[in-house]
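Data first, discussion second: the structure below is written as structure tokens.
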Amino acid sequence: MTVISPNGHPGFAPLKNGSFQLGVAAAPDIIAADSGSDDIGPGPLGNDTCASPRAWQEHDLELMLLAAREKNVPMIIGSAGDTGTNSRVDMYVQIIRDLAAKHGLAPFRLGWFYSEVDPERVRASIRAGSAVQGLDARADLTEDELDATDRIVAMAGVHPFLKLLEDGCDVIIGGRSSDSAIFAAPALHRGFPEAQAYYLGKVLECASFCAEPYGAKETVLGEITRDWVDVTAMSPEQRCTIASVAGHAMYERSNPFHEFVAGGMLDMTDCHYDQIADKTTRVTGMKFVPATEIRVKLEGSGKVGERFVGMAGIRDPYTIANVDAVIEWARQQTRDRFGDEGWELHYNVFGRNGVMGDMDPMRDKPGHELCVVVQGVAPTLEMAEEVAMTGTRQLFYARLPDVKGTAGGVSFVLDEVMRASPAYRWTLNHTMAVRDPLELFPTHSEIVTTGAAA
């Protein structure tokens with residue numbers, strides 16, 4: 001069975017049509033893509049919005065839908081609209097209906113499932129003594145942290161995809177989903193082993209990220225047998241090499257050899273990689289270890305407050321050398337105005353450690369100029385604006401011991417601060433035990449008909 005993955009995050013940046021059409025010409029059995037990520041932060045989930053323009057998402061869905069219907073093969077999307085919330089699933093479902101009408105497509109079965117979880121379902125698990133266990137050193141979930149959560153999605157495994165494939169769906173739109181499950185499900189549906197199926201998903205999830213040289217949003221093709229998985233770059237400029245494929249298999253893992261899904265773990269410890277053609281790498285030796293219980297990952301986001309952003313530039317060497325004291329001056333002025341609680345100021349100092357923070361190995365060797373990005377967070381828009389304004393403008397007025405002039409050591413890109421999206425934080429990165437792997441993921445389907453002849 002062959003699968004093409006045209007984009008590692010449909011809509012985040014439009015897919016490249018040239019390599020996509022080469023993939024379509026290779027006559028794949030499935031066209032699939034993972035449309036979501038928590039890399040975008042907790043804001044879109046909490047605010048129930050997308051991180052990308054709708055036009056970009058429609059662009060990718062249109063190309064994929066037309067190719068899938070022309071070739072009469074299933075099209076599968078997971079984590080619709082970046083986050084996989086119910087509203088994002090509904091948005092994608094409606095886009096598919098509208099595209100079918102626009103192009104007069106012959107009738108087909110459209111399936112979808114939801115992933116949002118009622119907080120009371122999670123509370124019931126806690127009160128029943130079944131701990132909602134934290135990931136990545138988080139503590140088990142408490143009811144207080146649950147109460148601070150605005151929206152929760154569960155991460156589906158292969159199960160709702162399999163249900164909709166068994167129901168004969170031609171197009172599937174999934175709520176929040178495990179990246180690899182989107183591709184593993186059709187392979188399992190065709191009878192391929194779990195180990196090879198889940199590895200197929202792991203290597204295809206980010207599309208051309210498993211190829212070199214780096215080039216985003218290009219199509220790759222995966223082929224699965226009972227013994228191995230091949231992956232081939234479709235872009236003429238790219239190759240899937242031993243290094244690029246093995247590197248991607250270890251991508252975003254706390255343990256580079258283990259990929260956990262609802263129902264088990266893909267073990268890549270003994271994987272072997274062979275360059276069987278210039279653009280193709282073959283992988284063998286993967287294993288799948290079934291879980292003793294089914295635990296579903298939960299992602300939750302809670303609102304911290306409204307947010308404004310300011311920017312300041314620093315070129316003066318003395319101010320750069322004392323930038324922490326300058327920032328502390330601005331913080332203190334904000335404390336004097338608002339007290340010690342009920343607001344937040346966050347500073348990113350680009351040119352020193354704006355990206356990595358205290359982990360930056362060059363933190364003590366700043367550049368010759370800095371950009372300070374200031375985020376002010378507070379319960380109301382008015383207060384957030386004033387917090388951000390104070391935290392930005394007071395950088396200009398910081399009193400340093402050896403300053404002689406009155407012009408200040410800071411410049412402003414803009415005199416005002418800019419309203420940004422509300423600030424959210426991750427409240428849930430946990431797993432919850434379930435008896436039925438489908439219980440959190442209700443499925444639906446319909447025949448989409450536009451009046452075109454079948």
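Numbering of residues begins at 1 and proceeds along the displayed sequence.
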Any donor-acceptor pair under 3.5 Å from [X] side chain to [Y] backbone:
| X | Y | result |
| --- | --- | --- |
| Q196 | F192 | no |
| S125 | S130 | yes |
| E116 | N86 | yes |
| N7 | A13 | yes |
| D274 | R282 | no |
| Q57 | S52 | yes |
| R363 | M356 | no |

Roughly how far apart are [X] [atom1] and [Y] [atom2], rounded to 0.5 Å?
| X | Y | atom1 | atom2 | result |
| --- | --- | --- | --- | --- |
| T85 | D48 | OG1 | CG | 4.0 Å |
| C210 | Q238 | SG | CD | 8.5 Å |
| L204 | I4 | CG | CD1 | 10.5 Å |
| E143 | T149 | CD | OG1 | 11.5 Å |
| T427 | Y424 | OG1 | OH | 11.0 Å |
| T392 | Q375 | OG1 | CD | 10.5 Å |

So does [X] have more than 12 non-hydrogen atoms from other groups sitting under 6.0 Å from [atom1]?
| X | atom1 | answer |
| --- | --- | --- |
| K287 | NZ | no |
| E341 | CD | no |
| K217 | NZ | yes |
| R335 | CZ | yes |

Determine, using ring centers only, whether F113 and F161 are less than 6.0 Å apart.
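Judged by ring-centre distance (under 6.0 Å), F161 and F113 do meet the cut-off.
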Suppose we call two aromatic rings close when their centres sit under 6.0 Å apart. Are Y198 and F183 close by that rule?
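Distance test on ring centres: not under 6.0 Å, no.
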Less than 3.5 Å apart, any donor N or O on the side chain of [X] or [Y] sitting next to an acceptor on the other?
| X | Y | value |
| --- | --- | --- |
| H272 | D270 | no |
| S445 | R109 | yes |
| D98 | Q94 | yes |
| T390 | R337 | no |
| T280 | T232 | yes |
| E344 | H346 | yes |
| E218 | S208 | no |
| R176 | S115 | no |

Of R393, R307, E385, which meets side-chain contact (heavy atoms from CB on, under 4.5 Å) against V417?
E385
Sort out for me which residue in V261, V434, D436, T431 forms a side-chain contact (heavy atoms from CB on, under 4.5 Å) with I294.
V434
Could you tell me whether [X] and [Y] have a side-chain N and a carboxylate O separated by less than 4.0 Å?
| X | Y | result |
| --- | --- | --- |
| R54 | E58 | yes |
| R331 | D340 | no |
| K303 | D150 | no |
| K297 | D38 | yes |
| R123 | E120 | yes |

Is the shortest side-chain heavy-atom distance between [X] and [Y] below 4.5 Å?
| X | Y | value |
| --- | --- | --- |
| I152 | R121 | no |
| L298 | M155 | no |
| V203 | V245 | yes |
| V229 | M286 | yes |
| T225 | W228 | yes |
| L345 | V374 | yes |
| N17 | L63 | yes |
| F350 | N348 | yes |

Using the side-chain contact (heavy atoms from CB on, under 4.5 Å) rule, take D170 and V73 through it: C-alpha gap first, then chi angles, then the decisive distance, then the call.
CA-CA 7 Å; D170 302 295; V73 299; over 6 Å; no
Contacts satisfying salt bridge (Lys or Arg N to Asp or Glu O under 4.0 Å) that involve residues 183-209 (not counting sequence neighbours) are K202-E205
Quick one, R138 with H430, criterion side-chain contact (heavy atoms from CB on, under 4.5 Å). Give me CA distance, side-chain angles, the key distance, then yes/no.
CA-CA 8 Å; R138 282 179 178 260; H430 293 72; 4.0 Å; yes
Working note: D267 + T269, criterion side-chain hydrogen bond (donor to acceptor under 3.5 Å, both in side chains); need CA distance, chi angles, decisive distance, verdict.
CA-CA 6 Å; D267 186 349; T269 305; 2.5 Å; yes
Kindly give the heavy-atom pair with the smallest separation between [X] and [Y], and that separation in Å.
| X | Y | result |
| --- | --- | --- |
| Y92 | G81 | CZ-N, 3.3 Å |
| W426 | P42 | CZ2-N, 3.5 Å |
| I31 | A67 | CD1-CB, 3.9 Å |
| Q275 | T241 | OE1-CA, 3.2 Å |
| A233 | A211 | CB-CB, 4.1 Å |
| T49 | T83 | O-CG2, 4.3 Å |

Checking side-chain contact (heavy atoms from CB on, under 4.5 Å) for the pair I30/I76: CA distance, chi angles, key distance, verdict?
CA-CA 8 Å; I30 306 286; I76 303 175; 4.2 Å; yes
Please evaluate residues Y214 and F209 with respect to the criterion ring pair (Phe, Tyr, Trp, His ring centres under 6.0 Å), reporting the C-alpha separation (whole Å), side-chain torsions for both, the decisive distance (0.1 Å), and the verdict.
CA-CA 7 Å; Y214 172 77; F209 278 16; 5.8 Å; yes
Apply side-chain contact (heavy atoms from CB on, under 4.5 Å) to the pair E166 and H189, showing each step before the final yes or no.
CA-CA 8 Å; E166 291 161 3; H189 181 64; 4.0 Å; yes
Contacts of type ring pair (Phe, Tyr, Trp, His ring centres under 6.0 Å), residue H9, not counting sequence neighbours
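F12.
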Relative to W112, does R97 satisfy both conditions: NZ or CZ under 6.0 angstrom from the six-membered ring centre, and within 45 degrees of the ring's axis?
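So R97 does make the cation-pi contact.
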